[in-house]
Each structure stands twice: as C-alpha cells, then as structure tokens.
There are 2 protein chains.
Amino acid sequence: MDAPLDTAESWLAARGEKLTELRREVLSLLLASHGPVKAYDLLAALQKQRPGASPPTVYRTLDFLVAAGIVHRIDSLQAFVVCPSFHDAHHGVLLVCERCHGVEEIDNPPWMETLRSALATGGFAMSRHELEIKGLCRNCQEIAA
Amino acid sequence: MDAPLDTAESWLAARGEKLTELRREVLSLLLASHGPVKAYDLLAALQKQRPGASPPTVYRTLDFLVAAGIVHRIDSLQAFVVCPSFHDAHHGVLLVCERCHGVEEIDNPPWMETLRSALATGGFAMSRHELEIKGLCRNCQEIAA
DNA sequence: GTGAAGATGTAATGTTATTACATTAAGGGC
DNA sequence: GCCCTTAATGTAATAACATTACATCTTCAC
C-alpha cells in the first residue's frame, strides 16, 4: 500500500484524469524528497529509472501535477513540492524558510478570509492558488539567535 | 527636477551609498516602464545608451537597488519593479495580477500585524521583505466577467 | 600619491524553461 | 475489430534567466 499515490490516483480519477506511469514516478520522487525539489534535480533522478527523460518530460509532468493541485511550485525557490493535503479544495499557505529553504504548508488558516475580503475591498481578487510567505522557520530562528 | 531619482539619491546617501551614473540610468529605465521589467529587457534598453552593458551589469545594479529597498523583485514574474514608497522602512505588499502582470503595491496594510503575529504563534517569523500575492486586478476582473 | 575598497567591464558558463514537431498509447463509435 | 480522435510521451533544439571569475578603473582617506 502506498497511500499518497493511491490518494492522488483517486483525486485525479474524480477529475477524469489519470495517474500514468510517468506521473507516478515523478510524484514518487517528489514524495521521497520530503521538501522542495528543483526541476533539473528531479530530471536527474528520473533519468536513473527512465534514461530518455528530458526537460519537457519533467516540466510537462510537473505542469500537470500543479494544475491538478497535487504539487505546488514555489516561485521564490524555483522548486516544486508535493501538497500535503490535496484531498479537497483548499487555500494553502506555503511558509518558505529563507535560510534552510524548507517549506511548511498550512491549510485554510483562519485569517485567510479576512485577508481575502480586505483585498477584495481594494478591488483585488486574490487567487485561489497558494499564497507564499517568506521568513524563518522555527529551527532557523533558533540557530540565528 | 526629477523627484524620484532625487529621493533615491537622498535615501541612499542616508545609508552611506551612492546613486552612480549606471544606477541612475537603470533606475530611470525602471521608472519609465510603469510596471515590472524583466532583467534582459532592461539590459536591451540599457544597451541603447551604454553599448557595453552585459548581464552582470544589470544584475549587479538590480541587486544593489533591491538591497537598498528601492526596487523589488517579483518572484512570480521574474521581474523587477520600482518601489513607489521607499522613503521609509515599510512592509510592502505586492498585488500581482496573473492576467495582465501588473503590480500594485500597498504599504503597511492594517492586517499585516495580525498576519505576522498569527504566523509567529505558529513558530514562523515572517520576513520583513515584501509579501507577494497573486490574483486579478480590478480591470482584469471586469474583462474576465 | 599611494593603497584599499568600491564600482564597472568582459568573457564564459551555469541554470531554468519552452517551442516545435514526431511518435505512441488509449478510448469511443460503428 | 477497425478507424478515428485525443491524450500522452519522445526528441532535438533553443530561449530565457542568472552567476562566476577575473580584469580594470574610480574614488577617497590617509
């Protein structure tokens, strides 16, 4: 049993999409990393099991997984991370540590609606996509102190 | 009189730094664009008046201006924009339109402290840098509707 | 005027991402 | 089953974004 992959498969099936062998391999590699992965690092890993893999191979697959909400792209790191809770529509917030580059995701925080409506008052419609916030994680704050 | 450039010059002087001719040219080009500019577009513009300009020329200058708080880098666009209010320390929020790629900056919104303290409770120290939020600007919402 | 630090010039290269087109696989109607 | 359409992947080339390393020039304190 591989729970996350099975969850992804059902999630995609509900959208009328498939978790193909390639997508499964890419998602497995992302899951194995426990953190953000750069596209070309992912490509290098993928090539070990799929020698013909090339940039379009990974970028297409990542685009698909991102569009499906299974993976997020971290703009500030130019990297990709598996969403820990893609079981339902959610407004995830990605807390990106500027020191260790770790990413923590919090799901539907209580202040999200406040923020959204404050921005809406100003005429800006916040995206349903992820919100990325930079800072220092707990561990790195202690090190820096 | 060129107010924004003079303001930048004083701002830098207060930090013990200088607005050199190169920096002034780059900042002028950024100001003239009224929106985010990509580094290589800036380079192309700069080369018209400074033929020897190369990637390090623009990236070094942009790094300097970003460090000084005069310019922000928009991670989601991989572009750079002049900060409209670099007169004091501020926690700017950059509202990035996903459709037209325009950027609006709001300065120290009232909800910022709430957000910061909510994240601090969770152990995350939000950066003093800019917060970037993606969505649709007023104009693009109307077009989409 | 000389030495240190800052700023810029220059060449090369590294990293991230896309385009364009060919080929193969999967599913529906008959 | 066969044909057709669409989705998925393969493959080659290139575009777009950014950095390294080192040379040269400028500034300014002394």
Side-chain angles (χ1 to χ4, degrees), chain A residues 8-9 12-30 33 36-68 70-81 96 101 132, chain B residues 8-9 12-13 15-30 33 36-68 70-81 96 98 101 132:
Chain A
E9 188 156 29
L12 287 172
R15 291 168 47 109
E17 294 176 314
K18 289 169 295 184
L19 187 64
T20 63
E21 181 54 25
L22 173 60
R23 290 167 185 167
R24 180 176 288 267
E25 287 177 34
V26 167
L27 188 51
S28 288
L29 289 169
L30 283 168
S33 89
V37 186
K38 304 218 130 210
Y40 273 70
D41 291 344
L42 187 58
L43 173 57
L46 187 61
Q47 283 173 332
K48 290 180 183 167
Q49 57 201 62
R50 192 176 273 257
S54 63
T57 311
V58 294
Y59 280 105
R60 274 197 295 236
T61 307
L62 286 170
D63 285 351
F64 172 85
L65 294 171
V66 167
I70 292 176
V71 166
H72 303 312
R73 183 196 144 91
I74 316 292
D75 288 331
S76 59
L77 301 178
Q78 294 179 178
F80 299 84
V81 70
V96 182
H101 296 163
E132 192 177 322
Chain B
E9 188 156 29
L12 287 172
R15 291 168 48 111
E17 294 175 317
K18 288 170 297 186
L19 187 64
T20 62
E21 181 54 27
L22 173 60
R23 290 166 186 166
R24 180 177 290 267
E25 287 178 32
V26 168
L27 189 51
S28 288
L29 290 169
L30 284 168
S33 89
V37 186
K38 303 219 135 211
Y40 272 70
D41 291 344
L42 187 58
L43 174 56
L46 186 61
Q47 283 173 332
K48 291 180 184 168
Q49 56 201 63
R50 191 176 274 257
S54 63
T57 309
V58 294
Y59 281 106
R60 275 196 296 236
T61 305
L62 287 170
D63 285 351
F64 173 86
L65 294 171
V66 167
I70 292 176
V71 166
H72 302 312
R73 183 196 145 91
I74 315 293
D75 287 332
S76 60
L77 301 178
Q78 295 179 173
F80 299 84
V81 70
V96 182
E98 294 182 297
H101 295 164
E132 193 176 322

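Please read these numbers as outputs of a predicted model, since none were measured by experiment. Naming: A, B, ... by sequence-line order, numbering from 1 per chain.
Distance B:Gln49 CD to C:dG9 C1': 17 Å, rounded to the nearest Å. If you measure from atom CG of A:Asp41 to atom C1' of C:dA17, you get 15 Å, rounded to the nearest angstrom. Atom pair A:Leu46:CG and D:dT9:P shows a separation of 11 Å (rounding to whole Å applied). Atom CG of B:Leu12 and atom P of C:dA7 are 10 Å apart (whole Å). In this structure, the CG atom of B:Leu43 is 14 Å from the C1' atom of D:dT19, given to the nearest Å. One can place CG of B:Leu77 at 11 Å from P of D:dA18, the figure rounded to the nearest angstrom. Taking atom CG on A:Leu42 and atom C1' on C:dA17, their separation rounds to 14 Å, with Å as the unit. We find that CG of A:Leu62 is positioned 12 Å from P of D:dT9, with the value rounded to whole Å.
Across all strands, A:Thr20 comes closer than 4.0 Å only to sugar-phosphate atoms, never to a base (heavy-atom distances).
You'll find the side chain of A:His72 stays beyond 4.5 Å of the side chain of A:Glu132, heavy atoms only. Contact check for A:Leu22 versus A:Leu46: side-chain heavy atoms found under the 4.5 Å cut-off. The side-chain heavy atoms of B:Leu12 and B:Ile70, taken from C-beta on, include a pair separated by under 4.5 Å.
Comparing B:Pro55 and A:Leu22 by the nucleotide of DNA chain D that holds the closest heavy atom to each, the one mapping nearer the 5' end is A:Leu22. Each of B:Ala53 and A:Tyr40 was assigned the nucleotide of DNA chain C with the nearest heavy atom; the assignment lying further toward the 5' end belongs to B:Ala53.
Annotation: the span from B:Arg23 atom CZ to B:Leu62 atom CG amounts to 11.5 Å, rounded to 0.5 Å. The distance from the OH atom of B:Tyr40 to the CD atom of B:Gln47 is 9.5 Å, given to the nearest 0.5 Å.
Listed pair A:Tyr59 / C:dT18 fails the phosphate criterion, with no side-chain N or O lying under 4.0 Å from OP1 or OP2. Listed pair B:Lys18 / C:dG6 fails the phosphate criterion, with no side-chain N or O lying under 4.0 Å from OP1 or OP2. Taking 4.0 angstrom as the limit, B:Arg23 places a side-chain polar atom (N or O) nearer than this to OP1 or OP2 of C:dA7. The phosphate of D:dA18 (OP1 or OP2) has a side-chain N or O of B:Arg73 nearer than 4.0 angstrom. Contact check, B:Lys38 against D:dA16: no side-chain N or O comes under 4.0 Å of OP1 or OP2. Under 4.0 angstrom from either OP1 or OP2 of D:dG10 there lies at least one side-chain N or O belonging to A:Arg50.
Below the 3.5 angstrom threshold, one finds a donor paired with an acceptor across the side chain of B:Arg60 and the base of C:dG9.
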